[in-house]
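All of these numbers come straight from a predicted model, not from anything done at the bench. Position 1 is the first residue of the sequence; numbering continues from there.
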Amino acid sequence: MSKLKQTYNSFYAKFFLFDDRFVLMTAGAVVGIFAGLAAVALRLSLATVLEFLAPYRQYAWAFILPGIGALFSFLFLDKVMREGAGHGVPEVIYAVSRRGGLLRFRSTFSRLISSFLTIASGGSAGPEAPVVMSGSAIGSNIAKFLGLNDRQRMTLVGCGTAGAIASIFHAPVAGLIFSIEIILGEWKFVNIIPIAIAAVAGAQVCEAIIPTKELFQPPPFSIFTGDILGSIGLALFTAVISVIFTRTLRKVGGLAKRTPVSPWLRAMIGGCAVGSIGIFMPMVLGEGYHPIMEMVGGTFPMAFWLIFIGIFLKIFVTAITLGWGGSGGIFAPCLLIGSLSGVVFYKAMMFIFPNAAVTSEGAYALLGMAGIMSGVMQAPLSSIFLIAEITGGYEAILLLLLVSSISSTLSHIIEPASFYFKDLIERGEFMRPGTDARILSDLSLNEIIDTNYTAVSENMVFREFINIIRNSDRNHYPVISDETGDYLGLVRVSNIRKYALDPAFYDMIFLNQIMDTDMVTASVDDNLHDVLEFMETFNIDHIPVVDHHRFSGMISKARILDLYRRELIMQTNIQ
């Protein structure tokens, strides 16, 4: 047995510890395959149950189905998995930002099951964010199994995200870009290759099981000069809708928290409300892929005003589903709202300018999807390549660039933080690797404090103090009370020069007469950002740290800079 273990250790050392890139590429492929399998399993199971329940949705009693689904979804997450509700993607971003990519093993399947219950019953949400959570958790736990460090684990979390997105949309480039643009937030060579491999692995898993390549297939279309102006107008429209969608999601979620009913009852009430609206407009239920196919294909039968109302109903039911206890993501709702917005804008444009030479209604549905996704996620590259890949609509790539850029920019001006980041930023928990905030947060005050200081007595005569500073290279001396041992003030060598140069003062004054008692102090509970603000505000290079009236040490700007530089090198170096 020991020989077998030695052989394994030797193999592990030779093939896994030999080269960091080899480890990440190999593990990334494995993560991509498992993330792809999870995504395909959710996609197929949702399609099966949605098809099974479709004939029953015409009955009035069917309004209760989303309520039952939301109830079981909430109970499963809260009582069985002991996890809070959420959209999935913010939790992964938080894990990367603050926990070195650590995710629990149960997260590999918990969101898959809860979102399946929500969406299959008719709740308005998408399966994409749950598979991102699942794929990321798979990457995190495989990294843990292999004993990888934080930076390698975060790369594998990105691999899981890329594999999941690539698989559920059959869009490997979009999976790669989404993982780097949204989840990791840093374009590094060491990350790109393993994540690209994971994305390809995830897409291949999808293709092997579900041979159809594009999720939505538009008919061929041509682009005209008039589409430039049309795209600019659509971008303005989708930016406004994106902001409305983002704010509605947050406001309805906030309203739910203030509603004085138990969470499980709240989930059921929200689900029933969604089901009631779905009786009159079924297209707002579920992930909405079928109406998107019709709109992209140019065969959507609804009238202009019904489509316009449908945009806001979809926003409302998605906010209720996710805010009142259901589980799922906002990808698919963004796609449906975007395609509805594109079709509405096209119809309005053709009503005002009936002879305008522009492309087809289906092409505007594509552009609308890109505009809403860019506005809500504020990640234009992910939106452009996702829409291009899932539709095969590369003919419209220039218009996609135009719409996405304008929509994301305008949305950013109105709402500076995207839906994914807003809560984390408000809680002060969003910190990208390599940023000042992240580096400072990773430095503890205990690392910074210099405790090698000579304390002096308040009643020490100045001559004795002169003898101390002759044999020391320090410029600051904390003054301590003889009776209580409490910190009283600080003697700065630069402030006592006039006394030091005149021996007549040596036996005339005591330290409590010349110490600085007004100097601001820091507490061990302060964070480094606050300490730096103290230094900037009072224009000082050193600050004493006092804990329960006792002197703990000094913090200097020079030491902060030195440790900052080391941490920056550690976080940004290729490991």
Any donor-acceptor N/O pair, Ser115 side chain to Gly328 backbone, under 3.5 Å: no

Note, Ser552 side chain near Thr451 side chain (heavy atom, < 4.5 Å): no

Side chains of Leu236 and Leu410 in contact at under 4.5 Å (non-hydrogen atoms): yes

Working for side-chain hydrogen bond (donor to acceptor under 3.5 Å, both in side chains), residues Ser408 and Gln378: CA-CA 5 Å; Ser408 61; Gln378 295 183 13; over 6 Å; no

Polar side-chain atom of Ser140 near backbone of Ser136 as donor-acceptor pair, under 3.5 Å: no

Salt-bridge contact Arg559-Asp450 (side-chain N to carboxylate O under 4.0 Å): no

Side chain to side chain contact (heavy atoms under 4.5 Å, CB included) against Val546, all qualifying residues, sequence neighbours excluded: Tyr487, Thr521

Nearest-0.5 Å distance, CE of residue Met377 to OG of residue Ser407: 10.5 Å

Ile241 side chain near Ile337 side chain, heavy-atom distance below 4.5 Å: yes

Summary of salt bridge (charged side-chain N to carboxylate O under 4.0 Å, His left out) pairs that have at least one residue in residues 240-255, sequence neighbours excluded: Arg247-Glu415, Arg250-Asp423, Arg250-Glu426

Positive for side-chain hydrogen bond (donor to acceptor under 3.5 Å, both in side chains) with Asn467, one of Glu464, Arg463, Arg470: Arg470

Any residue meeting side chain to side chain contact (heavy atoms under 4.5 Å, CB included) with Gln513, in chain and number order, not counting sequence neighbours: Ile509, Phe510

Side-chain touch Ile113/Val80, heavy atoms, less than 4.5 angstrom: no

Verdict with reasoning, Arg492 to Asn475, per side-chain contact (heavy atoms from CB on, under 4.5 Å): CA-CA 6 Å; Arg492 285 186 282 185; Asn475 294 314; over 6 Å; no

Phe74 side, atom CZ; Thr118 side, atom OG1 - distance, nearest 0.5 Å: 11.5 Å

Ser481 backbone acceptor or donor facing Glu458 side chain under 3.5 Å: no

Residue list, ring-ring contact (aromatic ring centres under 6.0 Å, His included) with Tyr477, at least two apart or on another chain: Phe465

Derivation and outcome, ring pair (Phe, Tyr, Trp, His ring centres under 6.0 Å), residues Phe331 and Phe178: CA-CA 12 Å; Phe331 263 65; Phe178 180 86; 5.3 Å; yes

By side chain to side chain donor-acceptor pair (under 3.5 Å) - contacts of Ser107 (at least two apart): Glu83

Side chain Arg474, main chain Val493, donor-acceptor under 3.5 Å: no

Thr321-Thr318 side chain donor-acceptor pair, cut-off 3.5 Å: no

Partners passing ring-ring contact (aromatic ring centres under 6.0 Å, His included) against Phe245 (at least two apart in sequence or in another chain): none

From OG1 (Thr246) to CD1 (Ile372), nearest 0.5 Å: 9.0 Å

Test side-chain contact (heavy atoms from CB on, under 4.5 Å) applied to Leu24 and Gln152, step by step: CA-CA 7 Å; Leu24 293 177; Gln152 292 166 324; 3.8 Å; yes

Taking every non-hydrogen atom, the tightest pair across Leu112 and Ala38: CD1-CB, 3.9 Å

Which residues share a side chain to side chain contact (heavy atoms under 4.5 Å, CB included) with Ala558, sequence neighbours left out: Ser556

Side-chain touch Asn512/Val479, heavy atoms, less than 4.5 angstrom: no

Counterpart residues, side chain to side chain donor-acceptor pair (under 3.5 Å), relative to Thr155 (two or more places apart): Asn191

Verdict with reasoning, Met515 to Leu490, per side-chain contact (heavy atoms from CB on, under 4.5 Å): CA-CA 5 Å; Met515 67 182 180; Leu490 199 73; over 6 Å; no

Ile480 vs Leu488 side-chain heavy atoms within contact, under 4.5 Å: no

Nearest-0.5 Å distance that lies between atom CD1 in Ile183 and atom CE in Met154: 12.5 Å

Residue Tyr453 excluded, over 12 heavy atoms near OH under 6.0 Å: yes

Atom CZ of Phe462 with >12 non-hydrogen neighbours under 6.0 angstrom: yes

Over 12 non-hydrogen atoms of neighbours within 6.0 angstrom of CZ in Phe385: no

Phe105 and Phe109 aromatic ring geometry - parallel, tilted or perpendicular at 30°/60° bounds: perpendicular

Asn141 side chain vs Ala137 backbone, donor-acceptor pair below 3.5 Å: yes

Gap between atom OG of Ser73 and atom CZ of Arg111 - 0.5 Å precision: 9.0 Å

Nearest non-hydrogen partners of Ser242 and Ser411, listed with the distance: CB-OG, 3.9 Å

Shortest non-hydrogen contact from Val520 toward Ile540: CG1-CD1, 3.7 Å

Test item: Arg266 side-chain N/O and Ala256 main-chain N/O as donor-acceptor pair under 3.5 Å: yes

Minimal non-hydrogen separation, Pro478 against Thr454, with atom names: CD-O, 3.4 Å

Side chain Glu128, main chain Ala332, donor-acceptor under 3.5 Å: yes

Student check: side-chain heavy atoms of Ile543 and Met554 closer than 4.5 Å: no

Residues which pass side chain to side chain contact (heavy atoms under 4.5 Å, CB included) with Ser404, listed by chain and number, not counting sequence neighbours: Ala370, Ser374, Pro380, Ser383, Ile384

Spatial distance of atom NZ (Lys144) from atom CG (Leu103) [nearest 0.5 Å]: 11.0 Å

Pairwise side-chain contact, His476 with Val491, heavy-atom cut-off 4.5 Å (strictly under): no

Any residue meeting side chain to side chain donor-acceptor pair (under 3.5 Å) with His549, in chain and number order, not counting sequence neighbours: none

Of all pairs that satisfy side-chain hydrogen bond (donor to acceptor under 3.5 Å, both in side chains), the ones with a partner from residues 534-545, not counting sequence neighbours: Glu536-Lys557

Chi angles and distances behind the side-chain contact (heavy atoms from CB on, under 4.5 Å) call for Leu511, Ile514: CA-CA 5 Å; Leu511 293 189; Ile514 59 173; 3.9 Å; yes

For Ser457, side chain to side chain donor-acceptor pair (under 3.5 Å) partners two or more places apart: Asp482

